[in-house]
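See structure below.
Note that the structure is a prediction, hence the values are computed from the model and not measured. Throughout, protein chains are lettered first and strands after them, A, B, ... in sequence-line order, and every chain is numbered starting at 1.
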Amino acid sequence: MDLNPPAGENYANPKTCLFHVIFKAAALAFYILSALFINNFVIIFVVTVLLAALDFWVVKNVSGRILVGLRWWNEINDLGESVWKFESLDQESLARMNKKDSWLFWWTLYLAAAAWIVLAIFSLIRLQADYLLVIGVCLTLSIANIVGFTKCRKDAKQKIQQFASQTIASRVTSTIQSAFSVV
Amino acid sequence: MSHSDTVPLHQSSQSDIDEIESLINASVQSGPTTVLPARPPSPPRASIPVVSSSPFIQSNLPPPPPLSSSNQKVPSVPAPAPPPPPSFGASGFGPVPNTLTEPVWDTVKRDLSRIVSNLKLVVFPNPYREDPGKALRDWDLWGPFFFIVFLGLALSWSASVKKSEVFAVAFALLAAGAVILTLNVLLLGGHIIFFQSLSLLGYCLFPLVVGAVICMLKDNVMLKVIAVSVTLAWSSWAAYPFMSSAVNPRRKALALYPVFLMYVSVGFLIIAID
(Lines give C-alpha, C1' and ligand atoms only; values in the text may rest on other atoms or scores of the structure.)
Protein backbone atom coordinates (compact mmCIF):
# COMPACT_ATOMS: atom_id res chain seq x y z
CA MET A 1 0.00 0.00 0.00
CA ASP A 2 1.52 3.30 -0.99
CA LEU A 3 0.96 6.77 0.31
CA ASN A 4 0.04 8.28 -3.02
CA PRO A 5 -3.06 7.67 -5.04
CA PRO A 6 -2.44 5.64 -8.19
CA ALA A 7 -1.92 8.01 -11.07
CA GLY A 8 -3.42 7.92 -14.48
CA GLU A 9 -7.10 7.52 -13.80
CA ASN A 10 -9.86 9.46 -12.17
CA TYR A 11 -12.27 8.33 -9.52
CA ALA A 12 -14.92 6.23 -11.09
CA ASN A 13 -17.52 7.04 -8.45
CA PRO A 14 -16.77 10.51 -7.15
CA LYS A 15 -20.09 10.93 -5.37
CA THR A 16 -19.68 7.71 -3.45
CA CYS A 17 -16.11 8.62 -2.55
CA LEU A 18 -17.35 11.95 -1.31
CA PHE A 19 -19.97 10.39 0.92
CA HIS A 20 -17.51 7.81 2.13
CA VAL A 21 -15.22 10.54 3.37
CA ILE A 22 -17.69 13.22 4.37
CA PHE A 23 -19.36 11.55 7.34
CA LYS A 24 -16.07 10.42 8.83
CA ALA A 25 -14.57 13.87 8.43
CA ALA A 26 -17.71 15.52 9.79
CA ALA A 27 -17.75 13.34 12.88
CA LEU A 28 -14.08 13.99 13.61
CA ALA A 29 -14.32 17.69 12.84
CA PHE A 30 -17.43 18.16 14.93
CA TYR A 31 -15.91 16.35 17.85
CA ILE A 32 -12.68 18.32 17.75
CA LEU A 33 -14.20 21.73 17.12
CA SER A 34 -17.15 21.35 19.44
CA ALA A 35 -14.88 21.28 22.46
CA LEU A 36 -14.02 24.88 21.60
CA PHE A 37 -17.48 26.25 20.90
CA ILE A 38 -20.21 24.14 22.44
CA ASN A 39 -20.56 23.64 26.13
CA ASN A 40 -23.29 21.05 26.00
CA PHE A 41 -22.02 17.50 26.18
CA VAL A 42 -25.31 15.95 25.14
CA ILE A 43 -25.33 17.72 21.81
CA ILE A 44 -21.73 16.80 21.17
CA PHE A 45 -22.44 13.18 22.01
CA VAL A 46 -25.59 12.82 19.98
CA VAL A 47 -24.33 14.59 16.88
CA THR A 48 -20.94 12.87 16.85
CA VAL A 49 -22.38 9.42 17.44
CA LEU A 50 -25.11 10.01 14.87
CA LEU A 51 -22.55 11.04 12.26
CA ALA A 52 -20.40 8.04 13.12
CA ALA A 53 -23.39 5.71 12.84
CA LEU A 54 -24.35 7.22 9.47
CA ASP A 55 -20.79 6.77 8.32
CA PHE A 56 -20.86 3.14 9.44
CA TRP A 57 -24.03 2.50 7.47
CA VAL A 58 -22.76 4.28 4.36
CA VAL A 59 -19.45 2.43 4.37
CA LYS A 60 -20.99 -0.94 5.04
CA ASN A 61 -23.87 -0.73 2.62
CA VAL A 62 -22.95 1.74 -0.07
CA SER A 63 -19.28 2.54 -0.50
CA GLY A 64 -18.13 -0.98 0.30
CA ARG A 65 -20.30 -2.30 -2.48
CA ILE A 66 -19.54 0.36 -5.00
CA LEU A 67 -15.89 1.19 -4.37
CA VAL A 68 -14.47 -2.25 -3.66
CA GLY A 69 -17.26 -4.67 -4.48
CA LEU A 70 -17.38 -6.27 -1.05
CA ARG A 71 -20.14 -6.81 1.44
CA TRP A 72 -20.37 -8.52 4.79
CA TRP A 73 -23.16 -9.29 7.20
CA ASN A 74 -24.21 -11.69 9.87
CA GLU A 75 -27.03 -14.15 9.68
CA ILE A 76 -28.61 -16.65 11.94
CA ASN A 77 -29.20 -19.91 10.15
CA ASP A 78 -31.94 -22.42 10.76
CA LEU A 79 -29.97 -24.20 13.43
CA GLY A 80 -29.77 -21.02 15.43
CA GLU A 81 -26.09 -20.46 14.83
CA SER A 82 -24.58 -17.19 13.85
CA VAL A 83 -22.90 -17.20 10.48
CA TRP A 84 -20.81 -14.41 9.01
CA LYS A 85 -21.54 -14.04 5.35
CA PHE A 86 -19.19 -12.41 2.88
CA GLU A 87 -20.13 -11.44 -0.58
CA SER A 88 -17.90 -10.21 -3.35
CA LEU A 89 -18.03 -9.60 -7.03
CA ASP A 90 -16.59 -12.18 -9.37
CA GLN A 91 -13.02 -11.89 -10.36
CA GLU A 92 -13.53 -10.03 -13.62
CA SER A 93 -15.40 -7.19 -11.98
CA LEU A 94 -13.03 -7.12 -9.03
CA ALA A 95 -10.08 -6.77 -11.35
CA ARG A 96 -11.83 -3.94 -13.13
CA MET A 97 -12.44 -1.95 -9.96
CA ASN A 98 -11.03 1.51 -10.06
CA LYS A 99 -7.72 1.50 -8.21
CA LYS A 100 -8.09 5.04 -6.97
CA ASP A 101 -11.49 4.26 -5.48
CA SER A 102 -10.24 1.33 -3.49
CA TRP A 103 -7.09 3.20 -2.43
CA LEU A 104 -9.28 5.96 -1.02
CA PHE A 105 -11.62 3.47 0.61
CA TRP A 106 -9.00 1.58 2.56
CA TRP A 107 -6.84 4.55 3.49
CA THR A 108 -9.68 6.66 4.86
CA LEU A 109 -10.94 3.68 6.82
CA TYR A 110 -7.59 3.22 8.53
CA LEU A 111 -6.92 6.92 8.99
CA ALA A 112 -10.26 7.55 10.65
CA ALA A 113 -9.71 4.74 13.14
CA ALA A 114 -6.20 6.02 13.86
CA ALA A 115 -7.56 9.53 14.45
CA TRP A 116 -10.12 8.23 16.93
CA ILE A 117 -7.40 6.33 18.78
CA VAL A 118 -5.31 9.49 19.05
CA LEU A 119 -8.32 11.38 20.39
CA ALA A 120 -8.96 8.60 22.87
CA ILE A 121 -5.44 8.93 24.18
CA PHE A 122 -5.97 12.67 24.65
CA SER A 123 -9.19 11.99 26.50
CA LEU A 124 -7.48 9.46 28.74
CA ILE A 125 -4.75 11.91 29.59
CA ARG A 126 -7.30 14.55 30.50
CA LEU A 127 -9.35 11.96 32.42
CA GLN A 128 -12.60 12.84 30.69
CA ALA A 129 -14.68 9.74 31.07
CA ASP A 130 -17.73 11.00 29.22
CA TYR A 131 -15.77 12.05 26.14
CA LEU A 132 -14.12 8.67 26.25
CA LEU A 133 -17.59 7.20 25.93
CA VAL A 134 -18.19 9.09 22.69
CA ILE A 135 -14.83 8.07 21.31
CA GLY A 136 -15.45 4.50 22.41
CA VAL A 137 -18.64 4.29 20.40
CA CYS A 138 -17.09 5.85 17.29
CA LEU A 139 -14.02 3.65 17.55
CA THR A 140 -16.15 0.53 17.88
CA LEU A 141 -18.02 1.42 14.71
CA SER A 142 -14.81 2.12 12.76
CA ILE A 143 -13.11 -1.05 13.90
CA ALA A 144 -16.18 -3.13 13.12
CA ASN A 145 -16.08 -1.92 9.55
CA ILE A 146 -12.35 -2.47 9.22
CA VAL A 147 -12.54 -6.02 10.55
CA GLY A 148 -15.58 -6.84 8.45
CA PHE A 149 -14.12 -5.62 5.20
CA THR A 150 -10.70 -7.11 5.80
CA LYS A 151 -12.26 -10.50 6.41
CA CYS A 152 -14.41 -10.06 3.35
CA ARG A 153 -11.42 -9.21 1.20
CA LYS A 154 -9.51 -12.25 2.45
CA ASP A 155 -12.52 -14.38 1.75
CA ALA A 156 -12.79 -12.99 -1.76
CA LYS A 157 -9.12 -13.71 -2.45
CA GLN A 158 -9.57 -17.21 -1.15
CA LYS A 159 -12.55 -17.77 -3.39
CA ILE A 160 -10.62 -16.53 -6.40
CA GLN A 161 -7.74 -18.83 -5.62
CA GLN A 162 -10.09 -21.73 -5.15
CA PHE A 163 -11.82 -20.97 -8.36
CA ALA A 164 -8.53 -20.61 -10.19
CA SER A 165 -7.24 -23.93 -8.96
CA GLN A 166 -10.59 -25.52 -9.72
CA THR A 167 -10.43 -24.15 -13.24
CA ILE A 168 -6.88 -25.36 -13.74
CA ALA A 169 -7.74 -28.78 -12.36
CA SER A 170 -10.72 -29.14 -14.64
CA ARG A 171 -8.73 -27.93 -17.64
CA VAL A 172 -5.96 -30.39 -16.91
CA THR A 173 -8.45 -33.21 -16.48
CA SER A 174 -10.24 -32.45 -19.69
CA THR A 175 -6.98 -32.06 -21.59
CA ILE A 176 -5.81 -35.42 -20.36
CA GLN A 177 -9.13 -36.98 -21.23
CA SER A 178 -9.12 -35.51 -24.68
CA ALA A 179 -5.56 -36.68 -25.16
CA PHE A 180 -6.58 -40.18 -24.23
CA SER A 181 -9.66 -40.12 -26.41
CA VAL A 182 -7.60 -39.05 -29.38
CA VAL A 183 -5.17 -41.85 -28.68
CA MET B 1 -15.64 -35.70 -23.89
CA SER B 2 -17.08 -35.61 -20.47
CA HIS B 3 -15.58 -34.90 -17.13
CA SER B 4 -16.63 -34.71 -13.54
CA ASP B 5 -16.95 -30.93 -13.52
CA THR B 6 -20.49 -29.64 -13.79
CA VAL B 7 -19.66 -27.01 -16.37
CA PRO B 8 -19.59 -28.38 -19.89
CA LEU B 9 -16.79 -27.40 -22.20
CA HIS B 10 -17.62 -25.81 -25.47
CA GLN B 11 -17.34 -28.28 -28.27
CA SER B 12 -16.15 -25.73 -30.79
CA SER B 13 -12.47 -25.28 -31.16
CA GLN B 14 -11.27 -22.29 -29.21
CA SER B 15 -8.02 -21.17 -27.92
CA ASP B 16 -7.29 -22.12 -24.35
CA ILE B 17 -7.72 -18.58 -23.17
CA ASP B 18 -11.17 -18.33 -24.69
CA GLU B 19 -12.16 -21.59 -23.05
CA ILE B 20 -11.03 -20.43 -19.68
CA GLU B 21 -12.88 -17.18 -20.11
CA SER B 22 -16.04 -18.92 -21.06
CA LEU B 23 -15.59 -21.24 -18.09
CA ILE B 24 -15.42 -18.22 -15.84
CA ASN B 25 -18.56 -16.76 -17.35
CA ALA B 26 -20.42 -20.07 -17.31
CA SER B 27 -19.65 -20.90 -13.75
CA VAL B 28 -20.49 -17.41 -12.61
CA GLN B 29 -23.89 -17.89 -14.16
CA SER B 30 -24.47 -21.34 -12.84
CA GLY B 31 -22.83 -21.36 -9.59
CA PRO B 32 -23.02 -20.31 -6.06
CA THR B 33 -19.44 -21.47 -5.83
CA THR B 34 -17.76 -18.21 -6.66
CA VAL B 35 -20.35 -15.67 -5.72
CA LEU B 36 -22.24 -16.20 -2.53
CA PRO B 37 -25.97 -15.77 -3.08
CA ALA B 38 -27.51 -12.95 -1.17
CA ARG B 39 -29.39 -14.06 1.86
CA PRO B 40 -32.68 -15.73 1.04
CA PRO B 41 -35.73 -13.70 1.94
CA SER B 42 -37.44 -14.85 5.12
CA PRO B 43 -41.15 -14.45 5.83
CA PRO B 44 -41.40 -11.30 7.90
CA ARG B 45 -39.43 -9.00 5.70
CA ALA B 46 -39.38 -7.29 2.35
CA SER B 47 -37.89 -9.31 -0.46
CA ILE B 48 -34.62 -8.37 -2.00
CA PRO B 49 -35.14 -6.81 -5.40
CA VAL B 50 -33.30 -8.53 -8.20
CA VAL B 51 -31.60 -5.61 -9.81
CA SER B 52 -28.18 -5.49 -11.23
CA SER B 53 -27.83 -1.94 -12.34
CA SER B 54 -25.82 -1.88 -15.48
CA PRO B 55 -24.14 1.52 -15.07
CA PHE B 56 -22.30 0.01 -12.16
CA ILE B 57 -20.79 -2.64 -14.36
CA GLN B 58 -20.36 -0.28 -17.25
CA SER B 59 -18.32 2.09 -15.18
CA ASN B 60 -15.62 -0.51 -14.98
CA LEU B 61 -15.48 -1.48 -18.60
CA PRO B 62 -12.50 -0.24 -20.57
CA PRO B 63 -12.39 2.29 -22.23
CA PRO B 64 -13.46 4.35 -19.23
CA PRO B 65 -16.89 5.84 -19.75
CA PRO B 66 -17.68 9.54 -19.31
CA LEU B 67 -18.06 10.31 -15.64
CA SER B 68 -21.68 11.31 -16.04
CA SER B 69 -22.81 7.77 -16.61
CA SER B 70 -21.25 6.50 -13.44
CA ASN B 71 -22.44 9.56 -11.57
CA GLN B 72 -26.01 8.90 -12.38
CA LYS B 73 -25.84 5.53 -10.68
CA VAL B 74 -24.60 6.83 -7.40
CA PRO B 75 -27.29 8.79 -5.58
CA SER B 76 -26.86 10.40 -2.21
CA VAL B 77 -27.93 8.33 0.69
CA PRO B 78 -31.11 10.13 1.65
CA ALA B 79 -32.25 10.80 -1.89
CA PRO B 80 -33.99 8.07 -3.85
CA ALA B 81 -31.99 6.49 -6.62
CA PRO B 82 -33.06 6.97 -10.22
CA PRO B 83 -34.62 3.75 -11.41
CA PRO B 84 -31.87 1.56 -12.82
CA PRO B 85 -31.97 0.32 -16.40
CA PRO B 86 -33.22 -3.20 -17.07
CA SER B 87 -31.43 -6.02 -15.41
CA PHE B 88 -27.98 -7.00 -16.52
CA GLY B 89 -28.48 -10.33 -14.90
CA ALA B 90 -28.30 -12.54 -17.94
CA SER B 91 -24.61 -12.14 -18.46
CA GLY B 92 -23.66 -10.86 -15.02
CA PHE B 93 -24.77 -12.66 -11.94
CA GLY B 94 -27.32 -15.10 -13.15
CA PRO B 95 -30.72 -15.64 -11.61
CA VAL B 96 -29.48 -15.30 -8.02
CA PRO B 97 -30.63 -12.04 -6.37
CA ASN B 98 -27.53 -10.06 -5.61
CA THR B 99 -27.45 -7.32 -3.03
CA LEU B 100 -24.11 -6.09 -4.29
CA THR B 101 -25.58 -4.11 -7.12
CA GLU B 102 -28.88 -2.92 -5.76
CA PRO B 103 -29.64 0.79 -5.70
CA VAL B 104 -28.99 2.63 -2.46
CA TRP B 105 -32.63 3.45 -1.90
CA ASP B 106 -33.42 -0.24 -1.83
CA THR B 107 -30.87 -0.79 0.88
CA VAL B 108 -32.32 2.01 2.95
CA LYS B 109 -35.85 0.68 2.55
CA ARG B 110 -34.76 -2.85 3.38
CA ASP B 111 -33.02 -1.77 6.57
CA LEU B 112 -35.90 0.43 7.67
CA SER B 113 -38.45 -2.29 7.09
CA ARG B 114 -36.27 -4.69 9.02
CA ILE B 115 -36.22 -2.36 12.01
CA VAL B 116 -40.01 -2.03 11.93
CA SER B 117 -40.56 -5.76 11.58
CA ASN B 118 -38.15 -6.57 14.39
CA LEU B 119 -39.90 -4.09 16.60
CA LYS B 120 -43.28 -5.59 15.85
CA LEU B 121 -41.99 -9.11 16.48
CA VAL B 122 -40.49 -8.33 19.81
CA VAL B 123 -42.86 -5.88 21.36
CA PHE B 124 -46.28 -6.75 20.06
CA PRO B 125 -48.14 -10.03 20.37
CA ASN B 126 -47.61 -12.19 17.34
CA PRO B 127 -47.55 -15.90 16.50
CA TYR B 128 -43.75 -16.13 16.34
CA ARG B 129 -43.22 -15.43 20.00
CA GLU B 130 -43.37 -19.11 20.81
CA ASP B 131 -40.24 -19.74 18.81
CA PRO B 132 -37.90 -16.98 19.87
CA GLY B 133 -34.94 -18.14 17.88
CA LYS B 134 -36.84 -17.70 14.69
CA ALA B 135 -38.44 -14.45 15.69
CA LEU B 136 -35.35 -12.30 15.88
CA ARG B 137 -33.46 -14.12 13.16
CA ASP B 138 -32.73 -10.86 11.37
CA TRP B 139 -31.23 -9.06 14.31
CA ASP B 140 -30.03 -5.54 13.82
CA LEU B 141 -28.63 -2.99 16.21
CA TRP B 142 -30.03 0.16 14.62
CA GLY B 143 -33.32 -0.04 16.47
CA PRO B 144 -31.70 -0.48 19.88
CA PHE B 145 -29.24 2.29 19.09
CA PHE B 146 -31.99 4.78 18.30
CA PHE B 147 -34.05 3.74 21.31
CA ILE B 148 -31.16 4.11 23.72
CA VAL B 149 -30.22 7.52 22.35
CA PHE B 150 -33.84 8.61 22.42
CA LEU B 151 -34.33 7.40 25.97
CA GLY B 152 -31.19 9.22 27.03
CA LEU B 153 -32.42 12.38 25.34
CA ALA B 154 -35.83 12.14 26.97
CA LEU B 155 -34.30 11.66 30.41
CA SER B 156 -31.85 14.46 29.82
CA TRP B 157 -34.61 16.79 28.69
CA SER B 158 -36.66 16.07 31.80
CA ALA B 159 -33.74 16.73 34.08
CA SER B 160 -33.43 20.28 35.27
CA VAL B 161 -29.85 20.03 36.40
CA LYS B 162 -26.86 18.00 35.31
CA LYS B 163 -28.34 17.19 31.94
CA SER B 164 -25.11 15.92 30.48
CA GLU B 165 -24.43 13.54 33.28
CA VAL B 166 -27.94 12.15 33.09
CA PHE B 167 -27.58 11.47 29.41
CA ALA B 168 -24.15 9.89 29.73
CA VAL B 169 -25.23 7.77 32.66
CA ALA B 170 -28.39 6.62 30.93
CA PHE B 171 -26.54 5.70 27.75
CA ALA B 172 -23.71 3.91 29.54
CA LEU B 173 -26.11 2.12 31.87
CA LEU B 174 -28.25 0.82 29.06
CA ALA B 175 -25.41 -0.17 26.79
CA ALA B 176 -23.29 -1.79 29.46
CA GLY B 177 -26.39 -3.34 31.01
CA ALA B 178 -27.35 -5.02 27.76
CA VAL B 179 -23.85 -6.43 27.33
CA ILE B 180 -23.68 -7.68 30.90
CA LEU B 181 -27.12 -9.26 30.73
CA THR B 182 -26.13 -11.10 27.59
CA LEU B 183 -22.95 -12.32 29.21
CA ASN B 184 -25.01 -13.43 32.16
CA VAL B 185 -27.17 -15.63 29.96
CA LEU B 186 -24.16 -17.04 28.16
CA LEU B 187 -22.37 -17.80 31.41
CA LEU B 188 -25.44 -19.56 32.75
CA GLY B 189 -24.98 -22.01 29.91
CA GLY B 190 -27.74 -20.54 27.80
CA HIS B 191 -27.98 -20.81 24.06
CA ILE B 192 -28.31 -17.37 22.70
CA ILE B 193 -26.31 -15.44 20.22
CA PHE B 194 -24.56 -12.37 21.54
CA PHE B 195 -25.82 -9.86 19.02
CA GLN B 196 -29.28 -11.37 18.90
CA SER B 197 -29.61 -10.89 22.63
CA LEU B 198 -28.27 -7.33 22.50
CA SER B 199 -30.74 -6.57 19.77
CA LEU B 200 -33.58 -8.11 21.74
CA LEU B 201 -32.85 -6.22 24.94
CA GLY B 202 -32.62 -3.02 22.95
CA TYR B 203 -35.94 -3.53 21.24
CA CYS B 204 -37.61 -4.34 24.55
CA LEU B 205 -36.69 -0.83 25.64
CA PHE B 206 -39.31 0.57 23.31
CA PRO B 207 -42.14 0.59 25.89
CA LEU B 208 -39.89 2.37 28.37
CA VAL B 209 -39.10 4.96 25.71
CA VAL B 210 -42.83 5.52 25.33
CA GLY B 211 -43.12 5.81 29.11
CA ALA B 212 -40.27 8.31 29.26
CA VAL B 213 -41.86 10.47 26.58
CA ILE B 214 -45.16 10.47 28.49
CA CYS B 215 -43.37 11.46 31.68
CA MET B 216 -41.51 14.15 29.82
CA LEU B 217 -44.71 15.74 28.62
CA LYS B 218 -46.77 15.58 31.82
CA ASP B 219 -45.35 16.31 35.22
CA ASN B 220 -47.97 14.65 37.41
CA VAL B 221 -46.35 12.17 39.79
CA MET B 222 -49.31 9.79 39.86
CA LEU B 223 -49.45 9.70 36.09
CA LYS B 224 -45.74 9.07 35.92
CA VAL B 225 -45.94 6.14 38.29
CA ILE B 226 -48.80 4.58 36.38
CA ALA B 227 -47.24 5.12 32.99
CA VAL B 228 -43.90 3.73 34.10
CA SER B 229 -45.36 0.66 35.76
CA VAL B 230 -47.47 -0.17 32.74
CA THR B 231 -44.59 0.23 30.32
CA LEU B 232 -42.27 -1.64 32.66
CA ALA B 233 -44.66 -4.58 32.73
CA TRP B 234 -44.88 -4.42 28.95
CA SER B 235 -41.09 -4.45 28.58
CA SER B 236 -40.71 -7.39 30.90
CA TRP B 237 -43.47 -9.28 29.12
CA ALA B 238 -41.71 -8.62 25.81
CA ALA B 239 -38.35 -9.86 27.05
CA TYR B 240 -39.64 -12.88 28.94
CA PRO B 241 -40.06 -15.57 26.25
CA PHE B 242 -36.72 -14.92 24.60
CA MET B 243 -34.67 -14.95 27.76
CA SER B 244 -36.46 -17.83 29.39
CA SER B 245 -36.21 -20.11 26.39
CA ALA B 246 -32.51 -19.49 26.11
CA VAL B 247 -31.55 -21.09 29.40
CA ASN B 248 -32.09 -24.26 31.31
CA PRO B 249 -35.55 -24.13 33.01
CA ARG B 250 -34.01 -24.41 36.44
CA ARG B 251 -31.99 -21.29 35.82
CA LYS B 252 -34.75 -19.26 34.29
CA ALA B 253 -35.11 -17.02 37.32
CA LEU B 254 -31.38 -16.37 37.40
CA ALA B 255 -31.47 -15.14 33.84
CA LEU B 256 -34.68 -13.15 34.10
CA TYR B 257 -34.11 -11.43 37.41
CA PRO B 258 -31.26 -9.15 36.22
CA VAL B 259 -33.26 -8.15 33.14
CA PHE B 260 -36.17 -7.20 35.33
CA LEU B 261 -33.83 -5.37 37.67
CA MET B 262 -32.39 -3.31 34.88
CA TYR B 263 -35.78 -2.31 33.55
CA VAL B 264 -36.95 -1.43 37.06
CA SER B 265 -33.93 0.78 37.60
CA VAL B 266 -34.54 2.54 34.30
CA GLY B 267 -38.14 2.98 35.37
CA PHE B 268 -37.04 4.55 38.65
CA LEU B 269 -34.72 6.82 36.74
CA ILE B 270 -37.65 7.97 34.64
CA ILE B 271 -39.89 8.62 37.64
CA ALA B 272 -37.23 10.24 39.77
CA ILE B 273 -36.06 12.71 37.17
CA ASP B 274 -37.41 16.16 37.84
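The contact between L153(B) and chain A is made entirely by side chain atoms (from C-beta outward), counting heavy-atom distances below 4.5 Å. In this structure, chain A has no heavy atom under 4.5 Å from any part of F194(B). Contacts between A129(A) and chain B at a heavy-atom distance below 4.5 Å are absent for every atom of the residue.
When all heavy atoms are compared, the tightest approach of L133(A) to A172(B) is CD2-CB, 4.3 Å. Of all heavy-atom pairs between F145(B) and A53(A), the closest is CE2-CB, 3.8 Å.
To the nearest 0.5 Å, the span separating CG on N61(A) from CZ on R110(B) amounts to 7.5 Å. Atom CZ of residue F167(B) and atom CD1 of residue I43(A) lie 10.5 Å apart, to the nearest 0.5 angstrom. Distance check: S156(B) OG to F41(A) CZ gives 10.5 Å after rounding to the nearest 0.5 Å. Summarising the geometry, atom CG belonging to N74(A) is positioned 9.5 Å from atom CG belonging to L141(B); distances are rounded to the nearest 0.5 Å. In this structure, CD in E75(A) is found 11.0 Å from CD1 in I193(B), a value given to the nearest 0.5 Å.
The side-chain contact (heavy atoms from CB on, under 4.5 Å) with F171(B) is formed by just one residue from the set V46(A), V137(A), D130(A), V42(A); it is V137(A).
Other residues, nucleotides and ligands contribute only 12 or fewer heavy atoms inside 6.0 Å of the CH2 atom of W157(B).
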